[in-house]
Amino acid sequence: MINMMESAKAQVAELVSAAYEKAEAEGALPRAEAPINGGVEATKDPRNGDYASSFALTGAKALKMKPRDVALEICSRLDFAGSYFASADIAGPGFINFTLGPSWYSAVLGAIDSERADYGETDMGKGEKVMVEFVSANPTGPMTIGNARGGVLGDTLASVLEKTGHSVWREFYVNDAGNQVDLFGKSIEARYIQLLHGEDAVEFPENGYHGDDIKALAQMIYDKDGDKYDNMDSDERCKALVEFALPYNIAQMKKHLERYRIRFDKWFLESTLHESGYIEETVAILEKGGHTYEKDGALWLRNTDFGAEKDECLRRSNGFYTYYAVDIAYHRNKFVARGFDRVIDVWGADHHGHAIRFKASMKDPALGIDADKLDFVIMQMVRLVRDGETIKVSKRTGKALTLNDLLDEISVDACRFFFNAKPDTHLEFDLGLAVREDSENPVYYVQYAHARICSLVKMLAEEGFEVPGMASADASLLSDEPAVNVVKTLARYPDELRTAARDYDPSRINRYLVELAAAFHKFYNADRIKGEEVPVLLARLKLADCVRTVLENALSVIGVSAPEHM
RNA sequence: GCGGCUGUAGCUCAGUUGGAUAGAGUGUUUGGCUACGAACCAAAAGGUCGCGGGUUCGAAUCCCUCCAGCCGUACCA
């Protein structure tokens, strides 16, 4: 739970305010009427030191002085004794730039040395019980490339939340009831009858599922049970076919997601909400709450009462509940029945409108839910492209590239790295480039750094140099720029995790990994280890080993392997 | 029409919530292994941050008008 950046930042603020108080006591600076809110930031450019305080800039107005003059008075009164810092100077319009010293390098390596696989973890979540619901693909067909993205995003976000002190629950919501399932049954039925009586024996349902997977299911059923269902009435037959096909598809999804290194704590079946009467109960509660009305025999939720653009149908005039009512029941189940403190739904952009309206519905006081505790991560669609042309993807027409096909062509590591992108980006996936994407994927750059360190450590061990403990590793010997840069990058890791958790943006970890690998490769090329004087050798070996630890930690968060050889 | 997301180097994308000369990767050009893994490193070139206004010490970032692309706007899910 050590965060070296946080402690360094806090020190800057303390040093500055101590200096200001001293200046004020000595009459060099006037007393500010309100506390000066001087921010501390990590600098972008190392030429500007490591941390910059904007105290003089923000305080200039209140003190009625020029920023640079304020900075001058502060700077001359800074006392670095016992701090991580070695010096400070004034730059630009009045920034006070602080530069870290060797005591800080040592503390960073010490933190990694003592925390090992736990380095980077924080308790910011304070054990909050969070559900991340993701993928939740319709079980009426194989998962698509969009699900590949959602799977990585949800799983990685969940990992990031775990590392930041949340109690995380991964859930897959299975739509095993409703219209889509009926249509699924009718589609299999048609293929089954065609199998028995020829292509023209029956008309394929309009809007039916045309994919080859439906034919395969019909064939499987035929191979197992022959013409057993031929003489049943249609409803009964569809029911029987679905009873085989649905569990089969769900098992396939589980298998394929496992191959993708994704596991769920629960596969929540929509049908259980119907069977237990939970939907009826929930709708009854909504009715009692007074924000519903009947129109043309259907029941509506007056969603406009909660700021939404339109009302929503809860129960159709035929008596069936809409997906909307089911969704409300499901979320009431998450919050009320199961007591999650926070729920995050990872949805595709095609559900964005629904997410906004749905969130409004959560404000209905009858539900007893704090709508602010429901968050959405909306990810933009993945455009599937071949030779520069967009391919329309649809489960209905069966033209999708499946997640499983994808993994046949590209390694899981490359795939997970590629899809761990910022949710907002409109990703383009080029089928023609898929194989090339493999060798270009920066994941190999990161993994290479890890493999390099592994063989380095192994080779040095053969020469009798084990990775030293902190007592035998003198961090002050790591004073050259490439080595210092590695230390600084290592120190950032806990902060990267925190920001990723706060912003629901696990793709930060990807970028961090590339930066850490780059810092290491640069160091490795600039500084030799083998053959150096023993103290220098040990210090650099220790640094390399710390890089290995942090690479492993961060790679495991995004579900990518850290190979010893490549 | 209304709502959401996006627009930054030839291409793919960052930009730490308003900070210093806008950065990486890739591609192009050039250099570096009789040396711990060259799947690496170094250097060059490449920009009206979609357009135009506004807010202030200071804007890619905040506000407004337009332009373009994608996604929504069902008694489907």
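Because only heavy atoms are used, hydrogens play no part in the values below, and waters and symmetry mates are left out as well, while side chains stay in.
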Starting at atom CG of A:Asn303, determine the distance to atom P of B:U73, rounded to an integer number of angstrom.
15 Å
Donor-acceptor pair under 3.5 Å, A:Tyr323 side chain vs B:A77 base:
yes
Identify whether any heavy atom of A:Glu312 sits under 4.0 Å from a base atom; if not, whether one sits that close to sugar-phosphate; answer base, sugar-phosphate or nothing.
nothing
Under 3.5 Å, is there any donor-acceptor pair linking the side chain of A:Thr425 to the base of B:C13?
no
Are any of the side-chain heavy atoms of A:Phe417 and A:Tyr444 separated by less than 4.5 Å?
no
Identify the nucleotide, in any strand shown, that forms a Watson-Crick or G-U wobble pair with B:G7, with both distances under 3.5 Å; if there is none, say none.
B:C67
Quick one, which residues of residues 344-353 of chain A touch RNA chain B with a heavy atom under 4.0 Å?
A:Ala349, A:Asp350, A:His351, A:His352, A:Gly353
When you match A:Thr499 and A:Leu456 each to their closest nucleotide on RNA chain B, which lands nearer the 5' end?
A:Thr499
What is the separation between atom CD on A:Glu515 and atom P on B:C13, rounded to the nearest whole Å?
18 Å
Classify A:Asp296 by what it touches in the nucleic acid, base, sugar-phosphate, or nothing, heavy-atom distance under 4.0 Å.
base
Once you apply the 3.5 Å cut-off to both distances, tell me the Watson-Crick or G-U wobble partner of B:U34, or none.
none
At 4.0 Å (heavy atoms only), tell me whether A:Met566 reaches a base, stays on the sugar-phosphate, or touches nothing.
base
Do A:Leu427 and A:Arg149 touch side chain to side chain, with heavy atoms closer than 4.5 Å?
yes
Need the pair for B:A24. Rule: Watson-Crick or G-U wobble, both distances under 3.5 Å, any strand; none if unpaired.
B:U12
Tell me, which pairs form a side chain to side chain donor-acceptor pair (under 3.5 Å) where one or both residues lie in residues 525-548 of chain A, sequence neighbours left out?
A:Asp113-A:Lys542, A:Asp545-A:Arg548
Would you say A:Val446 and A:Tyr512 make side-chain contact, with heavy atoms under 4.5 Å?
no
Residue pair A:Lys334, A:Glu171: steps toward the salt bridge (Lys or Arg N to Asp or Glu O under 4.0 Å) verdict
CA-CA 10 Å; A:Lys334 292 179 180 182; A:Glu171 187 152 303; 5.6 Å; no
Using the C1' atom as the point on both nucleotides, what is the distance between B:G58 and B:G18, in whole Å?
8 Å
Any side-chain to backbone donor/acceptor pair from A:Asp503 onto A:Asp505? Under 3.5 Å, distance only.
no
In this structure, how many angstroms lie between the P atom of B:G37 and the CD atom of A:Glu462, rounded?
10 Å
Classify the angle between the aromatic ring planes of A:Phe358 and A:Tyr324 as parallel (below 30°), tilted (30 to 60°) or perpendicular (above 60°).
perpendicular
Side-chain donor-acceptor contact under 3.5 Å, A:Gln180 with A:Tyr209
yes
Distance check, C1' atoms only: B:U8 and B:G47, in whole angstrom units.
8 Å
note: A:Tyr493, atom OH; B:U16, atom C1'; distance rounded to Å ~ 17 Å
For A:Tyr293 and A:Asp311, test the side chains for any donor-to-acceptor distance below 3.5 angstrom and give the result as yes or no.
yes
Write down the distance separating the P atoms in B:C51 and B:G7, rounded off to the nearest Å.
13 Å
Between B:G72, B:G15, B:C5, which nucleotide has the shortest distance from any of its atoms to the side chain of A:Arg511?
B:G15
Hey, does the side chain of A:Tyr445 come within less than 4.0 Å of B:C41's phosphate (OP1/OP2), counting only N and O?
yes
How is A:Asp503 classified with respect to the nucleic acid when contacts are heavy atoms under 4.0 Å: base, sugar-phosphate, or nothing?
base
So A:Ala421, base contact, sugar-phosphate only, or nothing? Heavy-atom distance under 4.0 Å.
nothing
Using the P atom in both, what is the distance from B:C5 to B:C64, to the nearest Å?
12 Å
Below 4.5 Å, heavy atoms only, C-beta onward: do A:Glu270 and A:Tyr173 meet side chain to side chain?
yes
Could you state the atom-to-atom distance from CE of A:Met379 to P of B:G72 in whole Å?
13 Å
Mind checking the P distance from B:A74 to B:A9? Whole angstroms is fine.
37 Å
Just confirming the chi classification of B:U55, syn or anti, using 90° around 0 as the syn window.
anti
Looking at B:U73, which nucleotide sits across from it as a Watson-Crick or G-U wobble partner, both distances under 3.5 angstrom, or is there none?
B:G1
Relative to the ring of A:Phe376, is the ring of A:Trp347 parallel (under 30°), tilted (30 to 60°) or perpendicular (over 60°)?
tilted
Does some side-chain heavy atom of A:Asp375 sit less than 4.5 Å from a side-chain heavy atom of A:Val343?
no
Are A:Val534 and A:Phe465 close enough that some pair of their side-chain heavy atoms sits under 4.5 Å apart?
yes
Checking all strands, does A:Ser455 fall into the base, sugar-phosphate, or nothing category for heavy-atom contacts under 4.0 angstrom?
base
Nearest-neighbour nucleotide for the A:Asn138 side chain, B:G4, B:A77, B:C5 considered
B:A77
So, is A:Lys422 close to the B:G15 phosphate, meaning a side-chain N or O under 4.0 Å from OP1 or OP2?
yes
With respect to the phosphate group of B:A77, does any side-chain polar atom (N or O) of A:Arg316 fall under 4.0 Å of OP1 or OP2?
yes
Side-chain donor or acceptor of A:Asn97 under 3.5 Å from a matching atom on the base of B:A20?
yes
Length of the CZ-P vector between A:Arg383 and B:U12, whole Å:
9 Å
For the residue pair A:Ile378 and A:Pro423, establish whether any side-chain heavy-atom pair is separated by less than 4.5 Å.
no
Between B:A60 and B:G72 - C1' atom distance, rounded Å:
28 Å
On a whole-Å scale, what distance lies between the C1' atoms belonging to B:C62 and B:G69?
24 Å
Taking atom C1' in both B:U65 and B:U73, what distance in whole Å separates the two?
24 Å
Rounded distance (Å) that lies between atom C1' of B:A14 and atom OH of A:Tyr512:
17 Å
In this structure, how many angstroms lie between the P atom of B:G25 and the CZ atom of A:Phe418, rounded?
19 Å
Check if the side chain of A:His426 and the base of B:C5 share a donor-acceptor pair of N or O atoms closer than 3.5 Å.
yes
Watson-Crick or G-U wobble partner for B:C49, using a 3.5 Å limit on both distances?
none
Within the 4.0 Å heavy-atom criterion, would you say A:Arg540 contacts the bases, only the backbone, or no part of the nucleic acid?
nothing
Which nucleotide in the set B:G37, B:A77, B:C13 lies at the smallest distance from any side-chain heavy atom of A:Glu270?
B:A77
Which parts of residues 519-536 of chain A get close to RNA chain B, meaning a heavy atom less than 4.0 angstrom away?
A:His521, A:Lys522, A:Tyr524, A:Asn525, A:Asp527, A:Arg528, A:Ile529, A:Lys530
Reading RNA chain B from 5' onward, which residue's closest nucleotide shows up sooner: A:Ile453 or A:Trp300?
A:Ile453
